[in-house]
Structure formats: C-alpha cells, structure tokens
> 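Please find one structure pasted underneath; my questions will follow.
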Number of protein chains: 2
Amino acid sequence: MPAASDSTREALLNAARELAQTRGYNAFSFRDLSDLIGVKTASIHYHFPTKADLGRELVIRYREQLAELTRQIDARTSDPGERLDRFIAILRTGLKKGTRMCLGGMFGAEYSTLPGPVQSEVRTFFEGCESWLVNVLAAGRESGRFRFEGNPEQAAQALFASLEGAMMTARAFHDESRFVTAADLATRALSNHE
Amino acid sequence: MPAASDSTREALLNAARELAQTRGYNAFSFRDLSDLIGVKTASIHYHFPTKADLGRELVIRYREQLAELTRQIDARTSDPGERLDRFIAILRTGLKKGTRMCLGGMFGAEYSTLPGPVQSEVRTFFEGCESWLVNVLAAGRESGRFRFEGNPEQAAQALFASLEGAMMTARAFHDESRFVTAADLATRALSNHE
DNA sequence: GTTGGATGACCTACTACTAGGTAGGTTTCT
DNA sequence: AGAAACCTACCTAGTAGTAGGTCATCCAAC
C-alpha cells in the first residue's frame, strides 16, 4: 500500500537505471541516488539490501521491459523485416539522442567487475534478445526477406553485437545517427537483393 | 641510465593496460598496480602525476601500436580483402581468448566518466581505426572485392562498431568464437557475391 | 502495538593524491 | 682529485574524500 514507499522504490530504480546507462554500474553510488531522489543512503539499503541487489533488479527489469516490447511487435506484425525495423527503433529510443547506452552494452563492458548475480542476468538479457532475433531471422530467410550464411543463431549473435557496438559509439560521439546508419547497413546486409 | 626506472614505467603501463582491458578505467586503482608491480602507490605518481595522465598515455600507446600494425598490413599486401582479414586477426589476438576487451570498446563504454583528455584520445582512436577502414573499403569497392551501399565512411563506422560489439560480447561470454563468427559474417556481408 | 519506511550516526575499507625525506648516482665547480 | 650540488627513483606517512554497509532509533498508519 505504501504508495510513498513504492514510489520511492520506483524512483530509485528509475534514477539508478539512468545512472547505469550513462555512467555504468561502477561509476554510480548510493550517494548519487540519495542526491537525486532526496532519500538518505541508509534508506536505500531498506529497499535494496546491497548494491548487487539493485543492479540485479535493474537488469531483470530492463530485460522484461524489452521482452514486453518485442511481444507487442509480434502481436502487431508478422513480417520479419518490419519486426526487425521496429526492434531497432526501440533500441534507438533507448539511446535518448545519444546520451545513453544500452544497459546490456554497458554492463557487458563492465562484466568482469560485476557481482555474480548481476553477471548472470546480463547473460540472460543477451540470450533473450538473441533468441528473439533468431526467430525473426529464421522466418525472414524462410520467406525470402533475408539472406545470410551460417545458422540463424550465429547471424543473430552477430547482428545483436553490431547493434550494441553501434549504440556504444553513438553515445561516445553523442551522435544518434551513428546508430541509425549502422543499423540500416546491418539490416541491408541481411536483406535479400534480387 | 634509468634502466630500472624505465622498466618500472614500462611495467606500470603494461599492467595498467591489462587491468584497463579486463576491468576498465574506473575499476582499477593505483593499489592494484602497486600490488602487481611491487612499487608503492606514491611512487606511481612519480611516473604519472595523475590517473588521467596514465589513462591518456594508455590510449595513445594503444592507438599507436595499432597504427603500426596497420602500417605493416599495408606494407605486406594491397589486397583490400586480405587487409581486412589481417586487421580482424589483430583484434582477435587482442581478445586473449575472450579474457580481454578492446581498450577502445571499454573506454567507449566508460566514456562519460573519463577525464576529458582521455576522452579525446578515445575519440581519436576510433577515428583513426575508421579512417584506415575507409581506405580499405573504398579500394575494395573500386576493385569489385566489396559491395556496400552508402559512402565508405558510413560503412567503416558500421563495420568498426560491429567489431567492437562483437569483442564486447565475446569477452562477456568468454568465447572468442563469438567474435570470429561475427567478424566473418560482417566480412561476408561486405563481399561482392556474383 | 506492531509494522513499513525512513533516519542519524557511525564504521571499515578504499580512492587519488601530497608532503617530505632518502639512498645512490651523476655533474659541476674549484 | 675532492667536495658541493643536483637528479632519479623510490619511500613512509599522511591528507581529505568517498565507497558500500550496519544499527539503533524514530514516526506515522493501521
């Protein structure tokens, strides 16, 4: 019921997510959250016993939000090309005009310094994205929309890595168009031209 | 004369580079270096007044080493396809079997928290890699070896982002083959099939 | 009167960085 | 040649500040 508490928890998660996407896990502190939300650092430990707990929930939420969005894509269209386009549009939105990175890409870079439970959620995030892309790519190849060599698993891994890399460079150069054109070229590279 | 000092400085740079490629700039400390090299943290400041100075030199060195290697590629072969293959092989070697990331990718993710002077070196690193790739791709399209839409600059940016992303995921999954197959697919996507 | 939520005060460990000193070698001056 | 001056490379011992985390306490709502 505690609408106040629930909203505090929610506010903490939202602020932490932004900090994590801009600065990374290692470069934001409970004090940062305290300043941002206006709650003492000791109180943060009430909602999240440890920073690892917070980090873990951050990734889980991020993953589930993206899963929900892909479900909406699946419901809206069955065309593989359009599905991929919409997926890319979602990632682009997350960049916030080149001011943020994907949480997965950020935590992927910080991977070796993350607490174990956070690491495994990060891997699950990647695997989830890739498995959705596997279906899209496999269906697209079947329908003649896509063309690529190797199995769909490898193509999905390569595609997702490309998109993550493009989000990273877009943020570093503060230039969203770097992501847009890279995603565009990746999509065309998969397309069947004949 | 300063054979001892020069080797200490060298040892610090090598250790710092490994730490930076595995843990990142924000996640290694002068104490880590102290423990690794066996010199007190205060003495590290003798060689590098601030951590930013160390970080800056790290990126400059990394960039110059890669520039030297691309020069060797250019001297050895003029075939665009082979040049790209060799470039990819250099990046693969740097992964150390999936235990390290590219320094550029790591610092790219940490970008917003890096000291200004380090940031600008990181950008220069990216621009250097991309401009070398621009030449390779442009020559390859000219010769009929490569085929891609848009200008070579965009293609080079997208390709390099793909490779960086693939290095990131390869490290997270401790699986070098993720990079190898992704690089392979990226190369094939650029190839002219007819 | 118990419980959910927040607090102040505190702790330990660590961060980059600095002040001042020193052993040993080289350079310079006489 | 010998003394004075200087330099390199490192040290001990410290600075102020920050990290995540603990604990007893408080207060309002049911």
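Here is the naming used below: chain letters follow the sequence lines, and residue numbers restart at 1 for every chain.
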> Nearest to the side chain of A:His45, heavy atoms from C-beta on, is which of D:dA19, C:dT15, D:dG21?
D:dG21

> To the nearest Å, give me how far apart CG (A:Leu54) and P (D:dG21) are.
10 Å

> Expressed as a whole number of angstroms, how long is the span from A:Arg23:CZ to D:dA19:P?
9 Å

> For B:Glu142, I'd like to know if atom CD has over 12 heavy atoms of other residues, nucleotides or ligands within 6.0 Å.
no

> What is the distance, to the nearest angstrom, from the CZ atom on A:Phe30 to the P atom on C:dA13?
19 Å

> Would you mind telling me which of C:dA16, D:dC10, D:dG21 lies closest to the side-chain atoms of B:Ser43?
D:dC10

> Quick check for you: among C:dA19, D:dG20, C:dT7, whose closest atom lies nearest to any side-chain atom of A:Ala42?
C:dT7

> Under 4.0 Å between a side-chain nitrogen and a carboxylate oxygen: does that hold for B:Glu176 and B:Arg171?
no

> Which of the following nucleotides, C:dT7, D:dG21, D:dT12, is nearest to the side chain of A:Thr41?
D:dG21

> Which residues pass the side-chain hydrogen bond (donor to acceptor under 3.5 Å, both in side chains) test with A:Glu153, sequence neighbours left out?
none

> Does anything in residues 113-120 of chain A reach DNA chain D, meaning a heavy atom under 4.0 Å, and if so which residues?
none

> Would you say B:Thr8 reaches D:dC10's phosphate, i.e. side-chain N/O to OP1/OP2 under 4.0 Å?
yes

> What is the distance, rounded to the nearest whole Å, between atom CZ of A:Arg9 and atom P of C:dG5?
10 Å

> Whole-Å distance between D:dC10 C1' and B:Tyr46 OH?
9 Å

> Taking the minimum atom-to-atom distance to the side chain of A:Arg31, which one of D:dT18, D:dC10, C:dT18 wins?
D:dT18

> Once you apply a heavy-atom cut-off of 4.0 Å, does B:Phe28 come out as touching a base, just sugar-phosphate, or nothing?
sugar-phosphate

> Side-chain contact, heavy-atom cut-off 4.5 Å: A:Tyr111 with A:Val118?
no

> In whole angstrom, what separates B:Lys40's NZ from C:dC17's C1'?
17 Å

> Can you tell me how far C1' of D:dG20 sits from CG of A:Leu33, to the nearest Å?
12 Å

> Tell me whether A:Lys51 forms a cation-pi arrangement with A:Phe28, defined as NZ or CZ under 6.0 Å from the six-membered ring centre and within 45 degrees of its axis.
yes

> Hey, are B:Ser177 and B:Asp175 close enough side-chain-wise for a donor-acceptor pair under 3.5 Å?
yes

> So does B:Gln72 have more than 12 non-hydrogen atoms from other groups sitting under 6.0 Å from CD?
yes

> From CG of A:Asp35 over to P of D:dT18, roughly how many Å is that when rounded to an integer?
10 Å

> D:dA19, OP1 or OP2 - any side-chain N/O from A:Ser29 closer than 4.0 Å?
yes

> Would you indicate which nucleotide in C:dT7, D:dC11, D:dC10 comes nearest to any side-chain atom of B:His47?
D:dC10

